Amino acid sequence: MVVFNGLLKIKISEALDLKPTAWSLRHAVGPKTQTFLLDTYIALNVDDFRVGQTSTKQKTNSPVWHDEFVTEVHDGRKIELSVFHDAPIGYDDFVANCTIQFEELLHNGSKHFEDWVMFFL
């Protein structure tokens, strides 16, 4: 298994056409469920370590962030992006997630990867 050691720099730009889950609609009534807008943020983890989270974008299903995160990684195996709806009461609602293995980014023993990568959550 390939592990990553070094400086990780990630820029989270946007998410498109996010859909509310049935759980996030549990308090919505009537026609509001058809146009329910999310208050979204993305939590960024490397393995089990929280690197950070984006700001919350209010009332949009296509949020734009341009948030950048930089961290030193030791023996990193995967990057996890999780999208949440910032719930006003109780725990925040899970919307979507994506896991990226460092092995997928570092081909042929390369220790450097720089590119635009698009992931669908």
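Just the heavy atoms: all of them, side chains too, but no hydrogens, waters or symmetry mates, feed the values below. All values derive from a computational prediction rather than experimental measurement.
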Taking Thr40 for its side chain and Phe84 for its backbone only, find out whether a donor-acceptor pair lies under 3.5 Å. no

Can you tell if the side chain of Pro63 reaches within under 4.5 Å of the side chain of Leu18, non-hydrogen atoms only? yes

Would you call Asp17 and Lys19 a salt bridge, using N to O less than 4.0 angstrom? yes

Is it the case that the side chain of Asp67 and the backbone of Ser55 share a donor-acceptor pair, with hydrogens and angles ignored and the cut-off at 3.5 Å? yes

Can you measure from CZ (Phe69) to NZ (Lys9) and round to the nearest 0.5 angstrom? 13.0 Å

Spell out, yes or no, whether Leu16 and Leu37 are grouped together once hydrophobic residues are joined by side-chain heavy atoms under 4.5 Å, including indirect joins. no

Can you tell me which residue among Tyr91, Phe36, Phe94 is in a ring-ring contact (aromatic ring centres under 6.0 Å, His included) with His85? Phe36

Under a 4.5 Å side-chain heavy-atom rule over Ile, Leu, Val, Met, Phe, Trp and Tyr, are Trp65 and Ile100 clustered together? yes

List the steps, then state whether side-chain contact (heavy atoms from CB on, under 4.5 Å) holds for Leu38 with Thr60. CA-CA 5 Å; Leu38 297 165; Thr60 179; over 6 Å; no

Do Phe4 and Asp75 have side chains that approach each other closer than 4.5 Å (heavy atoms only, starting at C-beta)? no

Between Phe102 and Lys78, which heavy-atom pair has the shortest distance, and what is it? CD1-N, 3.5 Å

Go through Ile10 and Leu8 one step at a time and tell me if the side-chain contact (heavy atoms from CB on, under 4.5 Å) criterion holds. CA-CA 7 Å; Ile10 293 180; Leu8 176 67; 3.8 Å; yes

Donor-acceptor pair, distance only, cut-off 3.5 Å: does the side chain of Asn97 make one with the backbone of Leu81? no

Quick one: CD on Gln53 to OG on Ser82, what's the gap to the nearest 0.5 Å? 11.0 Å

Looking at SG of Cys98 and CD of Glu80, how far apart are the two atoms once the value is rounded to the nearest 0.5 Å? 9.5 Å

Please find the pair of heavy atoms, one from Arg50 and one from Leu44, that lie closest to each other, and give the distance. CD-O, 3.6 Å

Answer whether the closest heavy-atom distance between the side chains of Ile79 and Asn45 falls below 4.5 Å. no

From CA spacing to verdict: side-chain contact (heavy atoms from CB on, under 4.5 Å), Glu103, Leu105: CA-CA 5 Å; Glu103 189 169 24; Leu105 299 177; over 6 Å; no

Measure the NZ-NE2 distance between Lys11 and His66 for me, rounded to the nearest 0.5 Å. 6.0 Å

Applying side-chain contact (heavy atoms from CB on, under 4.5 Å) to Asn5 and Val73, what does each step give before you reach the verdict? CA-CA 5 Å; Asn5 291 294; Val73 176; 5.9 Å; no

Val70 and Leu7 have their tightest heavy-atom pair at CG1-CD1, 3.5 Å

Residue among Thr56, Asp92, Asp86 satisfying side-chain hydrogen bond (donor to acceptor under 3.5 Å, both in side chains) with Tyr41: Asp92

